[in-house]
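Quick note on labels: first sequence line is chain A, next is B, and so on, each numbered from 1. Note: hydrogens, waters and symmetry copies are ignored here, and every other heavy atom, side chains too, is used.
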Amino acid sequence: MAAKQEMGYNGACRNLTPEQVAEKEAAGLPFVIRFKVPERSGMLGYDDKVLGRIEHSYSEVDDFVIVRSNGKPLYLLCNVVDDIRDRITHVLRGQDHMTNTTRQVLLYEALGAPLPVFAHMPLTLDLKKAKISKRSHGEIVAVHFYKEHGFIPWALCNFLVLLGWSPGDDKEIFSREELIEAFTLERINKSNSIFNYRKGDEKFFTDPKAIAINEQYLRTMDIGDIGDMVQKVLEKEGLWEVAYAGEKKEWYLHTLALIRDRFHTLNDFATLGRAYFADDFQVEQKPLEKNLLKFPDLKEWLPLLADRYQALEQFTAEETERVAKELAEEKGVKPGVIVNGMRTVVTGQLAGPSMYDILMTLGREKVVQRLRSVDRFFQQAD
RNA sequence: GUCCCCAUCGUCUAGUCAGGUCCAGGACAUCGGCCUUUCACGCCGACAACACCGGUUCAAAUCCGGUUGGGGACGCCA
């Protein structure tokens with residue numbers, strides 16, 4: 001066991017005479033360069049835009065190393081030199097840099113440079129209240145994770161700015177311009193916040209509020225902008241058609257507008273919304289059992305419905321609804337049985353937009369074709 | 001151990017500096033309802049907090065002191 005020992009530098013070489021220094025140099029002893037903290041009686045400190053006045057007594061500050069024995073300067077010094085050279089006016093960083101700042105104030109003074117404005121932001125902690133870091137928390141705190149999970153970039157910024165800052169009123173959704181207008185250093189919180197995510201939770205794969213804000217943007221943003229972002233997702237999944245940017249653009253954007261209300265991320269367009277862009281979509285287990293297999297008669301009824309849709313003079317929402325209800329009445333079942341069975345076969349989903357809007361978006365040909373192929377599900381089940 | 005920072009619903013927070021309008025407001029989450037042939041969206045509602053003790057005051061979430069709790073920093077890392 002190591003014995004308890006004093007933290008910090010003991011000042012061994014603080015007061016060497018030039019002769020003593022020369023002697024050690026001649027002996028080839030390795031050395032570092034430390035900053036000689038002045039022996040002053042007052043307080044050493046700075047005014048922090050977030051935290052207010054931060055002070056330490058000079059005696060608390062050890063002579064700190066600024067240049068290594070190999071001649072290379074340390075971060076503490078480089079940082080200050082770079083910032084002076086670049087004429088940095090504001091230094092905004094985490095509260096874990098507070099003590100660095102105290103020492104750097106001395107460096108600024110020694111270099112004869114004016115102090116920049118310092119603002120130390122609160123830290124973001126995990127559920128166990130430990131400082132979040134890439135090393136200990138992995139991809140959940142990496143920006144690319146959110147990109148890969150279909151987050152709208154600005155939605156993530158919007159979420160993050162609310163961690164430790166608020167405008168003072170109830171506004172939470174900000175455009176970039178609005179945020180620039182509303183943001184002030186003075187309104188940054190002093191206390192740490194917690195990044196509320198539970199590992200392994202499928203529904204909330206990250207902080208629920210982050211997801212909520214992403215949803216908010218997903219359903220209110222300009223549909224053209226959504227279209228551009230979804231394009232990248234569809235391209236990645238091999239679902240993109242160049243026509244979506246050309247002659248089918250209207251259809252493309254209309255379809256996105258139809259389905260976006262139920263989605264959480266951009267990726268959902270390619271997963272939950274796959275049936276709108278491809279024929280090889282998966283039918284989810286739940287609707288398969290609940291809405292299809294539970295009613296074996298649908299094996300006959302849906303192809304019958306397909307025939308009637310095929311024969312329809314006008315394939316409209318009104319007509320398709322009328323025909324579906326007619327069939328239900330004819331077979332003595334609730335319309336829901338037909339509609340939900342149809343939804344399952346046509347979209348693979350338990351839920352979705354109004355059934356007849358879906359039919360219109362998919363078009364007669366796909367609808368008829370999917371309704372006719374219903375028996376494959378019953379065969380699979382056997 | 002030493003020094004620094006912080007403390008309002010489960011989470012993000014408003015309110016604290018300029019004490020009364022706060023038996024504490026909003027958002028997310030959760031739960032209920034309306035709407036919906038589905039599920040969402042939307043709307044309505046419910047649940048839920050001033051860490052504790054003392055002081056100042058006619059009056060304290062708000063000011064002061066202490067306690068407890070949490071975080072951070074104490075590297076020839078950045």
Quickly work out the A:His120 NE2 to B:C6 P distance and round it to whole Å.
13 Å
Whether A:Lys203 contacts B:U30 is assessed here as follows: a side-chain N or O lying under 4.0 Å from the phosphate OP1 or OP2. Is that the case?
yes
So, using salt bridge (charged side-chain N to carboxylate O under 4.0 Å, His left out) as the criterion, who are the partners of A:Asp228 when residues are at least two apart?
none
Between A:Gln369 and A:Glu365, is there a side-chain donor-acceptor contact under 3.5 Å, judged purely by atom types and distance?
no
What nucleic acid atoms does A:Phe204 come within less than 4.0 Å of, heavy atoms only: base, sugar-phosphate, or nothing?
sugar-phosphate
Report yes if a side-chain nitrogen or oxygen of A:Asn189 is closer than 4.0 Å to either non-bridging phosphate oxygen (OP1 or OP2) of B:A14; otherwise report no.
yes
Is it true that the side chains of A:Ser136 and A:Ser133 contain a donor and an acceptor less than 3.5 Å apart?
yes
Nearest to the A:Asp96 side chain among B:A73, B:G26, B:U13, which nucleotide is it?
B:A73
Compare side-chain N and O positions of A:Arg187 against OP1 and OP2 of B:G15 and report whether any pair is under 4.0 Å apart.
yes
Classify A:Gly164 by what it touches in the nucleic acid, base, sugar-phosphate, or nothing, heavy-atom distance under 4.0 Å.
sugar-phosphate
Given B:C4, is OP1 or OP2 found less than 4.0 Å from the side-chain N or O atoms of A:Thr99?
no
A:Lys190 side-chain N/O to B:C6 phosphate OP1/OP2 under 4.0 Å:
yes
When the ring planes of A:His149 and A:Phe205 are compared, do they come out parallel, tilted or perpendicular, using 30° and 60° as the limits?
parallel
Carefully, step by step, assess A:Tyr146 and A:Thr206 under the rule side-chain hydrogen bond (donor to acceptor under 3.5 Å, both in side chains).
CA-CA 9 Å; A:Tyr146 295 88; A:Thr206 186; 2.8 Å; yes
Touch check for A:Ser193, heavy atoms < 4.0 angstrom, all strands: base, sugar-phosphate only, or nothing?
sugar-phosphate
What residue pairs, at least two apart or across chains, pass salt bridge (charged side-chain N to carboxylate O under 4.0 Å, His left out) with a residue in residues 103-125 of chain A?
A:Arg40-A:Glu109
Angle class for the A:Phe118/A:His120 ring planes (parallel below 30°, perpendicular above 60°, tilted otherwise)?
parallel
How many whole angstroms separate atom CG of A:Asn192 from atom C1' of B:C5?
8 Å
Mapping A:Arg34 and A:Ile194 to their closest nucleotides on RNA chain B, which lands nearer the 5' end?
A:Ile194
Need one value for A:Glu172: base, sugar-phosphate or nothing, where a base atom within 4.0 Å counts as base even if backbone is also close, heavy atoms only.
base
Nucleotide by nucleotide, 5' to 3', does protein get under 4.0 Å of the base (B), only the sugar-phosphate (S), or neither (-) in nucleotides 35-53 of chain B, counting heavy atoms?
--BBBBS------------
Hey, does the side chain of A:Arg93 come within less than 4.0 Å of B:A73's phosphate (OP1/OP2), counting only N and O?
no
Categorize A:Ile338 for me: base, sugar-phosphate, or nothing, with a 4.0 angstrom heavy-atom threshold over every strand shown.
nothing
Here the distance between atom P of B:C74 and atom CD of A:Gln104, to the nearest Å, is 12 Å
